[in-house]
Number of protein chains: 2
Amino acid sequence: MSEQKQSLMNLLETGATYYLSHISLDCVVFGFHENQLKVLLLKMKDRDKWGLPGGFVRKEESVELAANRVLKERTGLDNIFLQQFHVFSDPDRSNNKDLIESARKTGIEVTEDNWFAQRFISIGFYALVEFSQVKPTADAISDDCTWWDLQEIKSLMLDHNLILDKALETLRLHLNYQPIGYTLLPDKFTMPELQKLYETILGKKLDRRNFQRKITGYGILKRWEERRSGVAHKAPYFYSFDTEKYKQALQEGLDGGW
Amino acid sequence: MSEQKQSLMNLLETGATYYLSHISLDCVVFGFHENQLKVLLLKMKDRDKWGLPGGFVRKEESVELAANRVLKERTGLDNIFLQQFHVFSDPDRSNNKDLIESARKTGIEVTEDNWFAQRFISIGFYALVEFSQVKPTADAISDDCTWWDLQEIKSLMLDHNLILDKALETLRLHLNYQPIGYTLLPDKFTMPELQKLYETILGKKLDRRNFQRKITGYGILKRWEERRSGVAHKAPYFYSFDTEKYKQALQEGLDGGW
DNA sequence: CTGTCATTGCGTTGTTATAACATAATGCAA
DNA sequence: TTGCATTATGTTATAACAACGCAATGACAG
């Protein structure tokens with residue numbers, strides 16, 4: 001028996017003992033690569049359906065801890081920037097039809113009375129991670145785990161499209177009073193890269209010069225003498241976030257809006 | 001046996017059959033009266049502890065529906081403006097010590113294995129209601145249900161202070177891109193009353209004239225010819241919300257910040 | 001009836017933030 | 001060397017905002 005199949009059977013048998021019933025969580029993991037906003041998705045076993053990485057809450061942990069644990073398994077990363085944003089609880093959102101179907105494809109029948117087949121209320125989290133640091137790893141009910149361009153994502157399993165939309169909406173709102181980027185970009189980045197990140201999240205173009213003025217006005221950036229070379233055209237400066245002031249801004253909040 | 005005691009025993013016996021396990025909800029109900037922001041609280045039976053109105057989620061309903069149901073029982077109101085804002089899930093936040101203690105005071109022993117004694121994850125909602133319309137009604141584990149001035153609220157049961165603080169924080173943020181007042185004020189109100197509401201929520205003074213310009217600029221108010229009379233000093237105009245444009249503003253969002 | 005006074009309604013001004021546009025500098029490529 | 005796309009920095013017009021002035025009002029005291 002494959003390791004994955006073993007792990008799934010294990011979940012089905014012991015789920016009820018280790019996890020809280022009725023409660024699940026789903027994570028919208030945002031990354032940024034090649035000037036594109038990416039989302040980490042899992043492909044359901046032997047099916048064409050994709051879905052968000054998710055999991056369950058152990059009997060002794062908080063939902064935040066659970067989300068961290070789940071994402072550690074999917075990305076290899078610790079201490080991910082995580083934010084819960086909504087609870088999805090439509091009674092018809094899931095009897096886990098999709099998950100049960102995927103289990104069946106693995107050769108495991110899930111009965112109606114199984115812990116896995118119950119109604120789940122899902123707590124939505126969004127995560128902002130550094131693309132290059134992530135090692136996408138599938139879970140017990142999935143074949144594949146990869147990044148998707150936000151624009152290319154079509155129909156997802158269950159209500160995951162709804163969850164994704166709500167996550168993006170929330171992220172856009174948070175942009176108005178929170179600095180964003182520290183967890184999404186590499187240590188050193190250029191102004192055009194940071195701007196592109198904002199433009200991608202907001203889904204609209206911004207003026208280069210006004211963007212620069214505004215973002216530097218927050219005082220959370222420090223500029224290096226060094227410039228990016230190798231690419232064509234005038235070399236842009238490298239920037240990094242001033243972690244001290246960044247964290248301060250996270251707590252105290254910014255003012256402006258976009 | 002009292003009706004309340006009967007209802008509590010009923011809950012303890014049938015809770016597991018009708019409600020989802022591990023999931024509860026708590027509501028921070030805001031009202032506005034005599035230029036004060038009020039919060040609806042319940043007094044735990046025969047104890048000095050007060051707490052937020054809360055409840056559980058029936059097996060076939062969404063958490064939003066559950067919150068509406070609970071608040072209908074506590075306030076007599078339907079169609080309350082409700083907003084979920086956070087999930088509280090610290091594993092130590094509650095083994096329902098306070099509720100069990102209150103049940104004991106009623107003369108009911110709750111055993112460790114009872115449905116009531118399990119760990120609960122609570123979904124926080126805030127509600128904005130019209131003070132005068134509310135008929136505060138205690139529940140099975142409480143003695144009393146009344147409005148409290150926000151400033152006078154001291155130590156609450158469990159983590160309810162945390163929940164209250166988070167609700168207020170969220171409300172303040174929402175003020176930046178949502179019109180507020182339609183559900184908190186009577187049909188007709190004056191500009192100073194509306195301003196006082198904003199000032200109370202924000203916890204700071206605003207300039208009369210700038211406030212008027214900004215709020216009328218949203219185009220969600222209509223002014224009556226009529227003025228408030230009887231009170232001393234110059235009579236202020238009455239205003240009402242233009243429900244059409246108000247709802248539109250709720251959906252599309254406002255821009256400014258306070 | 002009359003003057004007082006706190007409050008309301010409407011208006012003005014100076015400052016700051018924002019949007020839109022201009023110009024010079026840079027570094028690779030032809 | 002020149003062309004060109006891109007970056008860095010600067011300027012200007014407009015809109016938003018904060019701070020303040022002043023006349024009108026209406027209950028109240030005398």
Side-chain angles (χ1 to χ4, degrees), chain A residues 34-35 172 175-179 181 185 188-200 202-240 249 252-258, chain B residues 34-35 172 175-179 181 185 188-200 202-240 249 252-258:
Chain A
E34 290 176 346
N35 284 341
R172 281 179 183 161
L175 220 54
N176 288 324
Y177 53 91
Q178 263 184 16
L185 294 170
K188 286 184 182 179
F189 52 89
T190 65
M191 193 57 71
E193 285 164 356
L194 181 59
Q195 181 182 345
K196 196 76 190 147
L197 170 61
Y198 270 76
E199 287 182 341
T200 316
L202 292 168
K204 68 178 179 189
K205 287 231 166 298
L206 301 170
D207 184 279
R208 259 178 335 112
R209 298 147 285 196
N210 296 331
F211 176 81
Q212 166 136 346
R213 211 195 329 274
K214 183 157 186 170
I215 206 86
T216 52
Y218 291 148
I220 54 172
L221 292 176
K222 60 179 180 198
R223 192 172 82 173
W224 299 76
E225 288 306 316
E226 199 183 348
R227 297 164 107 110
R228 162 148 293 163
S229 65
V231 292
H233 317 303
K234 179 168 178 177
Y237 284 107
F238 275 118
Y239 287 84
S240 291
E252 296 174 7
L254 306 170
D255 37 322
W258 302 92
Chain B
E34 290 176 344
N35 283 343
R172 281 178 185 164
L175 220 55
N176 288 325
Y177 52 91
Q178 262 185 19
L185 294 170
K188 284 183 183 179
F189 53 88
T190 64
M191 193 55 73
E193 285 163 357
L194 181 60
Q195 180 182 346
K196 197 75 190 146
L197 170 61
Y198 271 75
E199 288 182 339
T200 317
L202 292 169
K204 67 179 179 188
K205 287 232 166 296
L206 301 169
D207 183 280
R208 256 181 336 114
R209 296 147 283 192
N210 296 332
F211 176 80
Q212 167 136 343
R213 209 193 332 271
K214 182 156 187 171
I215 205 86
T216 52
Y218 291 148
I220 54 172
L221 292 176
K222 61 180 180 197
R223 192 172 82 174
W224 299 75
E225 289 304 317
E226 199 183 349
R227 298 164 106 107
R228 161 147 296 162
S229 66
V231 291
H233 318 302
K234 180 170 179 177
Y237 283 108
F238 275 117
Y239 286 85
S240 291
E252 297 174 6
L254 306 171
D255 36 323
W258 299 92

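This structure is a prediction, so every number in the text was calculated from the model and none was measured. Reminder, nothing fancy here: chain letters follow the sequence lines and each chain counts from 1.
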Would you mind building the protein contact string for nucleotides 20-30 of chain D? One character per nucleotide, 5' to 3', B for base within reach (heavy atoms under 4.0 Å), S for sugar-phosphate only, - for untouched.
BB--BBSS---

Worked check of side-chain contact (heavy atoms from CB on, under 4.5 Å) between B/F189 and B/L197:
CA-CA 11 Å; B/F189 53 88; B/L197 170 61; over 6 Å; no

side-chain contact (heavy atoms from CB on, under 4.5 Å) between B/Y177 and A/N176: does it pass, once the steps are laid out?
CA-CA 10 Å; B/Y177 52 91; A/N176 288 324; 5.8 Å; no

Nearest-Å distance, CZ (B/R223) to P (C/dT8)?
14 Å

Can you tell me the distance, in whole Å, between the CG atom of B/N176 and the P atom of D/dA16?
17 Å

Atom-to-atom span, CE of B/M191 to C1' of C/dC10 - whole angstrom:
12 Å

If I take atom OH in residue A/Y237 and atom C1' in nucleotide C/dA25, what distance separates them, rounded to the nearest angstrom?
10 Å

Nearest-Å distance for atom pair NZ/P, residues A/K196 and D/dT6
11 Å

Under the side-chain contact (heavy atoms from CB on, under 4.5 Å) rule, collect the residues that match up with A/E226, sequence neighbours excluded.
A/K188, A/W224, A/F238

Examine C/dT8: is either OP1 or OP2 under 4.0 Å from a nitrogen or oxygen in the side chain of B/Q212? Give yes or no.
no

I would like to know whether B/L254 and B/I220 meet side-chain contact (heavy atoms from CB on, under 4.5 Å); could you show each step before the answer?
CA-CA 11 Å; B/L254 306 171; B/I220 54 172; 5.5 Å; no

side-chain contact (heavy atoms from CB on, under 4.5 Å) evaluation trace for B/M191 with B/R208:
CA-CA 9 Å; B/M191 193 55 73; B/R208 256 181 336 114; over 6 Å; no

Quick check on side-chain contact (heavy atoms from CB on, under 4.5 Å): which of A/Q195, A/Q212, A/K214 does A/L206 satisfy it with?
A/Q195

Return the value, rounded to whole Å, for the distance between atom CZ of B/F211 and atom P of C/dT7.
17 Å

Separation of atom CG in A/L206 from atom C1' in C/dA17, rounded to whole Å:
16 Å

Euclidean distance, atom CD of residue B/E226 to atom P of C/dT8 [Å, nearest integer]
17 Å

